[in-house]
Amino acid sequence: MAGVARLAAISLDCSEPHPLARFYAALTGGEIAFSSADFVAVKGPAVWITAQRVPDHRPPTWPTGGIPQQVHIEFAVEDLEVAQAQALAIGARLADEQPSPDRWRVLLDPAGHPFCLTTLVPST
């Protein structure tokens, strides 16, 4: 059965869109395709990731606290250790909570959004 739509982009709210977009461009090997003061679009290999300025944005306090997770993105990788080291080198932070570190790693992007690196998603 054919789908009604295809995933085209994921938009992330943040206080500073340019650093967040540069992070995701580096993480995915994408490129910044459009930029304004309040919005930056990264053209990735499979989907666009956009960062948009939101006044008074507060990052999530996942897994506990008063501000819930706002989005969660899974990135498929070949090697968790290598991918984690590379993500940390470009500005990610390792989350304190690691529910299943042998299967996926939870990191936080520069705006505080959690995301995972995993070897569990097939390449095709």
Side-chain angles (χ1 to χ4, degrees):
M1 178 164 116
V4 174
R6 68 177 175 81
L7 179 62
I10 297 169
S11 297
L12 301 170
D13 293 348
C14 61
S15 59
E16 296 294 332
H18 291 87
L20 188 59
R22 285 191 299 271
F23 170 79
Y24 279 107
L27 185 70
T28 64
E31 63 183 71
I32 293 178
F34 174 81
S35 177
S36 72
D38 295 323
F39 181 85
V40 183
V42 175
K43 181 181 178 188
V47 68
W48 289 62
I49 299 174
T50 67
Q52 55 193 12
R53 185 182 314 276
V54 171
D56 300 321
H57 177 264
R58 296 182 312 161
T61 54
W62 179 91
T64 62
I67 304 171
Q69 177 174 274
Q70 299 156 357
V71 66
H72 185 91
I73 306 171
E74 302 277 340
F75 291 97
V77 299
E78 296 296 320
D79 183 300
L80 285 174
E81 296 297 329
V82 170
Q84 177 180 309
Q86 291 172 329
L88 294 172
I90 60 171
R93 292 176 289 132
L94 190 63
D96 291 336
E97 183 77 20
Q98 295 294 322
S100 186
D102 58 320
R103 300 171 58 176
W104 60 81
R105 303 289 165 79
V106 183
L107 292 100
L108 305 174
D109 72 18
H113 300 109
F115 68 93
C116 281
L117 303 175
T118 183
T119 57
L120 299 178
V121 178
S123 61
T124 56

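Reckoned from all heavy atoms, side chains included, excluding hydrogens, waters and symmetry mates.
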Worksheet item: Mind checking whether Thr28 and Pro45 have side chains closer than 4.5 Å, heavy atoms only?
Response: yes

Worksheet item: Any donor and acceptor pair, going by atom type alone, linking the side chain of Arg103 with main-chain N or O of Leu120 inside 3.5 Å?
Response: no

Item to complete: Work out which heavy atom in Val40 is nearest to a heavy atom in Ser35; give both atom names and the distance.
Response: CG2-OG, 3.9 Å

Worksheet item: So, the side chain of Gln52 versus the backbone of Asp38: is there a donor-acceptor pair under 3.5 Å, distance only?
Response: no

Item to complete: Say whether Leu80 and Leu107 are linked into one hydrophobic cluster, either directly or through other cluster members, by side-chain heavy-atom distances under 4.5 angstrom.
Response: yes

Worksheet entry | For Asp102, side chain to side chain donor-acceptor pair (under 3.5 Å) partners two or more places apart | Ser100

Worksheet item: Does the side chain of Ile90 come within less than 4.5 Å of Gln86's, by heavy atoms?
Response: no

Worksheet entry | Shortest non-hydrogen contact between Phe23 and Gly91, atoms and distance | CE1-C, 3.9 Å

Fill in: Separation between CD1 of Ile32 and OG1 of Thr50, rounded to the nearest 0.5 Å
12.0 Å

Worksheet entry | Contact check, side chains of Asp109 and Leu12, non-hydrogen atoms, under 4.5 Å | yes

Discussion item. Same cluster or not: Leu27 versus Leu88, using hydrophobic residues (I, L, V, M, F, W, Y) connected whenever any side-chain heavy atoms lie under 4.5 Å apart?
Written reply: yes

Worksheet entry | Closest heavy-atom pair and its distance - Ala83, Val77 | CB-CG1, 3.6 Å

Worksheet item: With a 3.5 Å cut-off and no angle check, do the side chains of His72 and Glu74 form a donor-acceptor pair?
Response: yes

Discussion item. Which heavy atom of Gly112 sits nearest to which heavy atom of Arg93, and what is that distance?
Written reply: CA-NH2, 3.7 Å

Worksheet item: If only atom types and distance count, is the side chain of His113 paired as donor or acceptor with the main-chain N or O of Gln69 below 3.5 Å?
Response: no

Discussion item. As an exercise, state the distance from CD1 of Ile10 to CD1 of Ile73, rounded to the nearest 0.5 Å.
Written reply: 4.5 Å

Worksheet item: Which atom pair, heavy atoms only, marks the closest approach of Trp104 to Gln98?
Response: O-OE1, 4.1 Å

Fill in: Shortest non-hydrogen contact between Pro59 and Ala111, atoms and distance
CB-O, 3.1 Å

Worksheet item: Any side-chain heavy-atom pair from Gln84 and Leu94 closer than 4.5 angstrom?
Response: yes

Worksheet entry | By side-chain contact (heavy atoms from CB on, under 4.5 Å) - contacts of Ser15 (at least two apart) | His57

Worksheet item: Are Leu108 and Val42 linked, directly or through other ILVMFWY residues, by side chains that come within less than 4.5 angstrom of each other?
Response: no

Discussion item. List the residues meeting ring pair (Phe, Tyr, Trp, His ring centres under 6.0 Å) with Phe75, not counting sequence neighbours, and say none if there are none.
Written reply: Phe115

Fill in: same_hphob_cluster(Val71, Ile49) at 4.5 Å side-chain heavy-atom cutoff
yes

Worksheet item: Which distance, rounded to the nearest 0.5 Å, do you find between the CZ of Arg53 and the NE2 of His18?
Response: 7.5 Å

Discussion item. I'd like to know if the side chain of Thr119 reaches the main chain of Asp79, judged simply by a donor and an acceptor atom lying under 3.5 Å from each other, with no hydrogens or angles considered.
Written reply: no

